[in-house]
There are 2 protein chains.
Amino acid sequence: MVSKKYIIRLCRYRNVLYRLKSMGFMRVVSNNLADATDVTALQVRKDFSLAGITGNKKGGYRVDELIEKLNQILGKNEIQKVILVGVGKIGIALMYYKGFEEEGIKIEAAFDIDPQKYGKQKDIPVLPLERLRDFVKTNNIKTGIITVPDMAAQQVFNLMISSGIKGVLNFAPIKLRSTPDIVINNVNLVMELENLIYFVNTGERNKGEIL
Amino acid sequence: MVSKKYIIRLCRYRNVLYRLKSMGFMRVVSNNLADATDVTALQVRKDFSLAGITGNKKGGYRVDELIEKLNQILGKNEIQKVILVGVGKIGIALMYYKGFEEEGIKIEAAFDIDPQKYGKQKDIPVLPLERLRDFVKTNNIKTGIITVPDMAAQQVFNLMISSGIKGVLNFAPIKLRSTPDIVINNVNLVMELENLIYFVNTGERNKGEIL
DNA sequence: GTATTTTTGTGAAAAAAATCACATATATAT
DNA sequence: ATATATATGTGATTTTTTTCACAAAAATAC
Ligand SMILES: NC(=O)c1ccc[n+]([C@@H]2O[C@H](COP(=O)([O-])OP(=O)(O)OC[C@H]3O[C@@H](n4cnc5c(N)ncnc54)[C@H](O)[C@@H]3O)[C@@H](O)[C@H]2O)c1
Ligand SMILES: NC(=O)c1ccc[n+]([C@@H]2O[C@H](COP(=O)([O-])OP(=O)(O)OC[C@H]3O[C@@H](n4cnc5c(N)ncnc54)[C@H](O)[C@@H]3O)[C@@H](O)[C@H]2O)c1
């Protein structure tokens, strides 16, 4: 059983590795990765050790091998399909963001209740909410993003889950009522900012929470 | 020295308390707060104990008193001024978001290098980047949000810090080079999604990382 | 007015995560 | 070939965070 923090560190290593690879690096030592990801070299090695990844006593790790292993662990070898509900300000920002596709994540469709939104954004179809269930089943989608107003979030969530979705990235600052088999990651930007402001005001050092 | 997680829990309690208050509640027991915030009742009491907040052995905590204490600890008794740099898709979404003001956070101004963006968004002035330093000093701003393209983030960060900013909420998925006295909270949405997908794919239960 | 129930509060214990200490392998230099 | 420097790898240790166990206070019931 692994923790979220651990997986996020693996993702970070992977990101850095791709950049190193594109720069022509063949090998990398734990120290390089540590510098680039804000963890200690020891933590890097421990993580790899735990992940069953092994390097050379001198000369560190082979970049290609590392990427391959991490991709395997992180399930990055096929494109990950997601849907999005709520084609508003933040939803549209996400739909136009190129960063997801670069990581093999594709927003296959978006849904809204406002007919004015139907059509396309970028190359992503925007469909009526009623078509969600069918779309999710047909395309075997397992992951959804919620960017609807707070009041609508629970109801959209319920629809998603009953349609077969297993994991939700939720931008509404509410606690979704759910069951333990569903994975929910909440993005609460107000809280991120409140938190930041707290540490700024008190002058206390935020001990480098990852992410 | 407190951790980020701890402060975030306090923020969550506070949110729930405001809602309870608006519903007319005068008192609350640790169990209620626990249910609403996805932590255990014990954790709630421990947190309060640590924060020097004390309740009644029966009848729990006074809502008003709790809110007051939490506001005090979290520095919520005055409006928190922030600036934003990068009036693009995500920057604009944030500028139009009402959730910040509801929590006493005000985006005082935004900055960009594209003259087409100058003017206003909602009621927030959008100014040339060159005016940042002056604005920050004059208005004694301590907190900034970075929503510029990845390539520009470090440079904008440097400008912010050299202008007197002490804390940054960074949306660019890069590691900002900084010094230990500066607080940085990174929001990495790709990683949130990658992480979610990992737990969906493996069927492992993500042990409820807060936030 | 005494017993019972409810709920806080905290020192102690357990669990989880990070770090240390050091053994081990391998490349490079001499 | 031997010594030296560089890095990994892991059991042990420390630190941090959460949970347990139970005492104490206050309301309610009998
Ligand atoms: N905008 C931000 O910067 C920001 C920041 C943090 C959190 N959020 C949260 O993100 C969510 C969306 O914010 P926004 O600013 O993009 O809002 P928005 O009003 O711009 O967009 C909401 C969209 O959801 C659609 N919608 C409403 N009810 C729906 C339903 N039942 N089913 C499907 N679609 C529905 C609306 O038609 C609209 O297109 C909110 O919960 C908000 O709290 C936004
Ligand atoms: N859009 C998203 O959903 C999303 C999601 C995750 C992360 N991000 C990150 O947020 C950042 C912004 O993304 P976006 O989609 O809003 O981009 P965008 O291109 O829509 O907007 C960027 C804005 O920054 C301005 N800008 C560029 N260089 C600048 C500089 N040196 N100083 C000041 N302003 C400058 C541009 O004029 C533009 O207005 C990126 O780092 C991106 O990786 C965005």
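The basis for the numbers below is simple: all heavy atoms, side chains too, and nothing from hydrogens, waters or symmetry mates. To find a chain, count down the sequence lines: A is the first, B the second, and so on, and within it residues start at 1. Predicted model, so just to flag it, every value in this text is computed and none were measured.
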Trainee: Would you mind reading off the distance between A/Lys5 atom NZ and C/dA15 atom P, rounded to a whole angstrom?
Mentor: 19 Å
Trainee: Atom NZ of B/Lys4 to atom P of D/dT17: distance rounded to whole Å?
Mentor: 13 Å
Trainee: Could you pull out all residues at least two apart from A/Asn77 that satisfy side-chain contact (heavy atoms from CB on, under 4.5 Å)?
Mentor: A/Glu68, A/Asn71
Trainee: Side-chain N or O of B/Thr40 less than 4.0 angstrom from OP1 or OP2 on D/dT19?
Mentor: yes
Trainee: Treating primed atoms plus P, OP1 and OP2 as sugar-phosphate and everything else as base, which nucleotides of nucleotides 4-10 of chain D get B, S or - for protein heavy atoms under 4.0 Å?
Mentor: -BBBBBB
Trainee: Is A/Glu194 salt-bridged to B/Arg12, cutoff N-O under 4.0 Å?
Mentor: no
Trainee: Cut-off 3.5 Å, side chains only: do A/Glu192 and A/Asn188 have a donor facing an acceptor?
Mentor: no
Trainee: How far apart are the closest heavy atoms of A/Ile105 and B/Val190, and which atoms are they?
Mentor: CD1-O, 4.4 Å
Trainee: To the nearest angstrom, how far is B/Ile7 atom CD1 from D/dT16 atom P?
Mentor: 16 Å
Trainee: In a check of salt bridge (Lys or Arg N to Asp or Glu O under 4.0 Å) between B/Asp47 and each of B/Arg14, B/Arg9, B/Lys69, which one passes?
Mentor: B/Arg9
Trainee: CD of A/Gln43 versus P of D/dT14: gap in Å, rounded?
Mentor: 19 Å
Trainee: Compare every heavy atom of A/Leu17 with every heavy atom of A/Val63, then report the nearest pair and how far apart it is.
Mentor: CG1-O, 3.8 Å
